[in-house]
Amino acid sequence: MRRQIAIIGAGPAGMFLAHLLHAEGIEATVIERRDRPYVEGRVRAGVLEQGTVGLLRRLGLAGRLEREGLVHGGTNVSIDGRVFRIDMAALTGGATVTVYGQQEVMRDLFDAAELRGLDIRWNASDVALTGLDGDRPVVTWREGDAARRLTCDFVVGCDGYHGVSRAAIPASVLRTFERVYPFGWLGVLADVPPADHELVYANHERGFALASMRSPTRSRYYIQCGLNEDIGDWSDDRFWDELCLRLGSETAAKVTRGKSFEKSIAPLRSFVVEPMRWGRLFLAGDAAHIVPPTGAKGMNLAVSDVTMLGEALSEHYREGSDAGIDGYSARALARVWKAERFSWWFTSVTHRFPTMDGFDRRIQIAELDYLRGSPAAQRSLAENYVGLPLEAA
Ligand code: PHB
């Protein structure tokens, strides 16, 4: 097979890029290790920045989003049960975020991919990348008993933190930056109405809690937990009790309890590799960087990466200019690092760290108290939360 672009991975980065390239008339094949139900079933975050919503619209994929997405102009922060609201729309000249689960985004991307005839190879095993530092990269894989081989101009690694793409870059070329947090998030989905029409981020003496949602009838809640905790020790009753304690009485009074149908623990990590390009391989999304979920930036960062990469590749094929391709890594990393900073900061001021002493706790409370009283501090949070603009090329 011969294609202009090989995309490794059919998660958000890979599928947004596949649609972007299709719209530009650039031929691509997406090679995915799992099947569609698996990729679509993965429960992830659900807050879309303005830019992500804008891209879905530009690609003609926003029909269901416009009907079902919940537009939020503000968000709430709670310190030991005292709640205040940050009016993000007022502080940013009207910007909002949209609550729409990543699972819904994936469904829309896959449905449209089928209609538009995008080439996706599911259940691809033994994916291997060669010739990345020459001018004819080759991707090989297996589909059942059949061995496949694709020659292309460029490979884009959208295969996540554990994927083969980043691993194909010589270790001597990559610099890794990492912070592992000494806690995780225990997340629950339940078909009960959300506690509030907007999100509540809670810092409590006993640890972080978050009240989120997927729809007017489906709630998504999280509490900070230890890394070695056993999910089996968390009955629904214990979860609801701990959640309500941390949210505080004002928010807890609005929590509807019910049977959970999804419950899992995820570790928190900040991670970046530089550069995001090696020869004819580009990295995008979680293959290049991980953020802790506190800022709800994961999928949005994947989208801004591939937006930049789509522009760069279209410049290459349409104008014969490699300026965009050559600038991709630096341009993407400039935005990645700002999102890393925001996610790290928001995590730092809302979670309980095992090493915290009285001084650290007072500083945390002062930081959030400052946020409560200062429009300048609120504006800084708001402009980061709704999503910083894409850097100029
Ligand atoms: C979610 O709804 O899953 C969610 C929302 C906001 C976050 C993280 C996760 O910061």
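Worth knowing before you read on, the calculation uses all heavy atoms, side chains too, and leaves out hydrogens, waters and symmetry mates. Read the numbers this way: they start at 1 and go in the same order the structure lists the ligands and their atoms.
- Across Trp240, Phe239, Trp234, a single residue satisfies ring pair (Phe, Tyr, Trp, His ring centres under 6.0 Å) together with Tyr221, and that is Trp240.
- Shown here are the ring pair (Phe, Tyr, Trp, His ring centres under 6.0 Å) partners of Trp344, two or more places apart in sequence or in another chain: there are none.
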Can you give me a line-by-line list of nitrogen or oxygen pairs between ligand 1 and the protein shorter than 3.5 Å?
from	atom 1	to	atom 2	distance (Å)
ligand 1	2 (O)	Ser212	OG	2.5
ligand 1	2 (O)	Arg214	NH1	2.8
ligand 1	3 (O)	Arg214	NH2	2.8
ligand 1	3 (O)	Tyr222	OH	2.5
ligand 1	10 (O)	Tyr201	OH	2.7
ligand 1	10 (O)	Pro293	O	3.0
ligand 1	10 (O)	Thr294	O	3.0

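- No side-chain donor-acceptor contact under 3.5 Å links Arg175 to the backbone of Glu274.
- One N or O on the side chain of Arg335 and one on the backbone of Leu388 form a donor-acceptor pair closer than 3.5 Å.
- The side chain to side chain donor-acceptor pair (under 3.5 Å) pairs that include a residue from residues 372-383 are Asp369-Arg372, where partners are two or more places apart or lie in different chains.
- With sequence neighbours left out, the side chain to side chain donor-acceptor pair (under 3.5 Å) criterion links Asp119 to Arg3, Thr29, Arg121.
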